[in-house]
Amino acid sequence: MDKLVITGKTPLHGEVTISGAKNAAVAILPASLLINGFCTIENLPNISDVKLSCTILEALGAKITWISEHAITIDSRNITSTSAPLDLTSKFRASYYLIGALLGRFKSAEVGMPGGCKLGARPIDQHIKGFEALGATVDVIQGKISAKADDLVGSSIYMDIVSVGATINIMLSAVLAKGTTVIENAAKEPHIVDVANFLNTMGADIRGAGTDVIKINGVEKLNSGFTYSVVPDQIEAGTFMCAAVASRGDLIIKNCITKHLDCISAKLVEMGATIEDLGGDCLRIYCDKRPSKATVKTSPYPGFPTDLQSQIGVVLSTSEGTSIINESIWESRFQYTEELNKMGAKITAQGKTAIFEGVDELYGAPVYASDLRAGAALIIAGICANGTTEVYNLEHIDRGYENIEEKFRKIGAKIERISE
Ligand code: EPZ
């Protein structure tokens, strides 16, 4: 079992380049199944969820050629199966996008129930609601989701809850449907817009992505042979922004879309950080004093992202005074606070609320990542803590962060990956 050994406490200084967005890439890859042709996808993050997605696509008959560490060509002309391997699909959440893509093109899909971070129940009723609205029959039997349709006909779907996954999955299943599909109360995250842009590049007709009403006019034919570049990762950028403030450092974040970071920037500036938009795709963030207390409420975009909740929790653990986090999306996303308390933090988590009594210092300790973002938060905590921290369960972190220890080492962290 690998571990990261981190020696704090080190203010982070320098430049970090953000990779392509995990939550866009894991939707764009299955979306390529819609094409009876091939396409090239660039700026893919080099993470295990992308590699796993490629393995599943190849198991279905797609031909994948790696052009570089971050670019592939996918040829979906000879798909041999619409039933995804159960043992692979259960390893992550985004396998559910295979349903929308396979149903959309072949009117048939069989995919194991998705896995992913343990954040609570994580139902898929809204995905099923969308597929059924288009005319599919969906059964969930023995841990598998089976969707079939004689025909897919556009329909209006009002989402009962704002759902990133369901919004994307309904888009995928509607691209080749007859007529127009309207998704109301749609999610608006940057990765939703990126998936819609990818689909439109392949010849789909999608308008309104990024607003709460998305219209998909079904088309009969899609393009082949195009190239698409994945959007920079809003959450990775926000992770390093929190690291800059927590470590009292000074970072330049490159290859980011600053507009996507407004929700994070506003909160960190409110707490005392300084952020400069350097133009293009760059920002500078620094904080040379103790941040002030804050109240953080996670909500769908453009609100404060739940995927940055644990990272800002590290900032709050040593901020001035008493802070509060309300986690509105997931029932169980405070496991990391128990690990931070082992490092000297004073956090009381109850249900969807956590109270942070700011302490002067954190101290190194052995800590265990419970999910992808909690793992990133514990790395930040180790960098800010006095002494040595060992972070375990790295498989969570490697799912969504490319070469995380190298990126942190380049900006001054004393961090090593040790294989035990
Ligand atoms: C996506 O998960 C992300 N994962 C999550 O990021 C992220 O936390 C989440 O969106 C919210 O932004 C990927 O994109 C692969 P949802 P998803 O559907 O699609 C409820 C990370 O760290 N809901 O937007 O599963 C659900 O229980 C990961 O990168 C239903 O009730 O999230 C939750 O309370 C962790 N029924 C809320 O909606 C449904 O059918 C939002 O979930 C679907 C969702």
Side-chain angles (χ1 to χ4, degrees), residues 19-31 45 47-50 52-53 89 91-100 113-133 138 140 145 157-173 183 185-195 212 230-231 233-239 260 263-264 298-311 326-333 335-336 351-352 369-377 396-402 404:
S19 301
K22 163 180 98 79
N23 291 344
V26 295
I28 284 170
L29 288 167
I47 56 175
S48 59
D49 272 12
V50 162
L52 180 55
S53 300
T89 56
K91 291 182 186 299
F92 68 143
R93 183 87 187 144
S95 49
Y96 53 31
Y97 293 132
L98 292 161
I99 309 166
M113 280 300 279
C117 298
K118 301 267 178 290
L119 306 171
R122 302 195 82 172
I124 59 164
D125 58 297
Q126 298 297 299
H127 300 243
I128 293 171
K129 171 178 177 168
F131 299 144
E132 288 177 341
V138 185
V140 182
I145 306 151
I157 302 141
Y158 199 100
M159 308 306 290
D160 299 317
I161 188 165
V162 175
S163 161
V164 168
T167 300
I168 290 175
N169 234 344
I170 296 167
M171 278 201 300
L172 297 181
S173 59
I183 306 172
N185 197 23
K188 301 183 271 193
E189 272 68 20
H191 29 290
I192 305 253
V193 176
D194 204 42
V195 174
D212 51 13
V230 174
V231 72
D233 195 320
Q234 170 209 28
I235 302 303
E236 187 193 16
T239 299
H260 293 163
C263 38
I264 303 120
T298 65
S299 63
Y301 191 80
F304 192 91
T306 174
D307 293 347
L308 285 172
Q309 188 256 97
S310 45
Q311 298 91 314
N326 292 317
E327 169 55 63
S328 71
I329 310 285
W330 300 110
E331 303 91 71
S332 166
R333 198 166 204 173
Q335 299 99 305
Y336 72 95
K352 290 196 165 187
S370 51
D371 66 72
L372 164 66
R373 308 302 175 184
H396 291 298
I397 303 170
D398 293 337
R399 284 188 48 213
Y401 287 95
E402 176 177 335
I404 194 158

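As the structure lists them, so they are numbered: ligands from 1, and atoms in each ligand from 1. Quick note: numbers below take in every heavy atom, side chains included, and nothing from hydrogens, waters or symmetry partners.
When only non-hydrogen protein atoms are considered, atom 11 (C) of ligand 1 lies nearest to Thr306 CG2, 3.9 Å. The shortest contact between atom 22 (O) of ligand 1 and any protein heavy atom is with Arg373 NE, 2.8 Å. Among all protein heavy atoms, the one lying closest to atom 38 (O) of ligand 1 is Ile161 CD1, 3.5 Å. The protein non-hydrogen atom at the shortest distance from atom 17 (P) of ligand 1 is Tyr96 OH, 3.4 Å. Given atom 6 (O) of ligand 1, the protein heavy atom at minimum distance is Asp307 OD2, 2.9 Å. Protein heavy atom at the shortest distance from atom 25 (O) of ligand 1 is Arg93 NE, 3.0 Å. Here the protein heavy atom with the shortest distance to atom 36 (N) of ligand 1 is Asp125 OD1, 2.8 Å. Shortest contact from atom 18 (O) of ligand 1 to any protein heavy atom: Ser163 OG, 2.7 Å.
Looking only at distances, a side-chain donor or acceptor of Lys352 sits under 3.5 Å from a matching main-chain atom of Ser328. Checking side-chain atoms of Ser173 against main-chain N and O of Phe131 turns up no donor-acceptor pair under 3.5 Å. Side-chain atoms of Gln126 come within 3.5 Å of backbone N or O of Asp160 as a donor-acceptor pair.
The Leu119 neighbourhood of ligand 1 comprises atoms 35 (C), with distances under 4.0 Å to a heavy atom of that residue. Atoms of ligand 1 lying under 4.0 Å from at least one heavy atom of Leu372, given by number and element, are 21 (C), 22 (O), 29 (O). Annotation for ligand 1: atoms under 4.0 Å from non-hydrogen atoms of Ile124 are 39 (C), 40 (O). Proximity to Gln126 (heavy-atom distance under 4.0 Å) selects the following atoms of ligand 1: 36 (N), 39 (C), 40 (O). Residue contact check: His127 has heavy atoms under 4.0 Å from atoms 40 (O) of ligand 1. Residue Gly165 has at least one heavy-atom neighbour below 4.0 Å for each of these atoms of ligand 1: 18 (O), 19 (O). Taking every heavy atom of Lys22 and a limit of under 4.0 angstrom, the matching atoms of ligand 1 come to 21 (C), 29 (O). Of all atoms in ligand 1, listed by their number and element, those nearer than 4.0 Å to a heavy atom of Arg333 are 8 (O), 22 (O), 35 (C).
Nearest heavy-atom pair, Ile168 versus Ala27, reported as atom, atom and distance to 0.1 Å: CG2-CB, 3.9 Å. The two residues Ile397 and Leu372 come nearest to each other via the heavy atoms O-CD1, 3.7 Å. Closest heavy-atom contact between Gly303 and Ser299: CA-OG, 3.2 Å. The nearest pair of heavy atoms linking Lys22 to Asp233 is N-OD2, 3.0 Å. Of all non-hydrogen atoms in Val195 and Ala24, the two that sit nearest each other are CG2-O, 4.2 Å.
Ser53 and Tyr97 share no side-chain donor-acceptor pair at under 3.5 Å.
You'll find the side chain of Ile329 stays beyond 4.5 Å of the side chain of Gln309, heavy atoms only.
Contacts between Phe92 and ligand 1 below 4.0 angstrom, taking non-hydrogen atoms only, are absent altogether.
Ligand 1 has a nitrogen or oxygen under 3.5 angstrom from a nitrogen or oxygen of Asn23.
More than 12 heavy atoms of other residues, nucleotides or ligands lie within 6.0 Å of NZ in Lys129, so this atom counts as buried by the packing criterion.
Note on ring orientation: taking the six-membered ring where Trp is involved, the planes of His260 and Tyr301 are perpendicular (angle over 60°, cut-offs 30° and 60°).
Counting heavy atoms only, Ile329 comes closest to atom 37 (C) of ligand 1 of the residues Ile329, Val164, Ile168. Of the candidates Pro123, Ser299, Gly375, Ser328, the one placing a heavy atom closest to atom 31 (O) of ligand 1 is Pro123.
At least one heavy atom of Val162 lies less than 4.0 angstrom from ligand 1.
Considering Arg373, Gln234, Arg333 in turn, Arg333 is the only one that fulfils the side chain to side chain donor-acceptor pair (under 3.5 Å) rule with Asp307.
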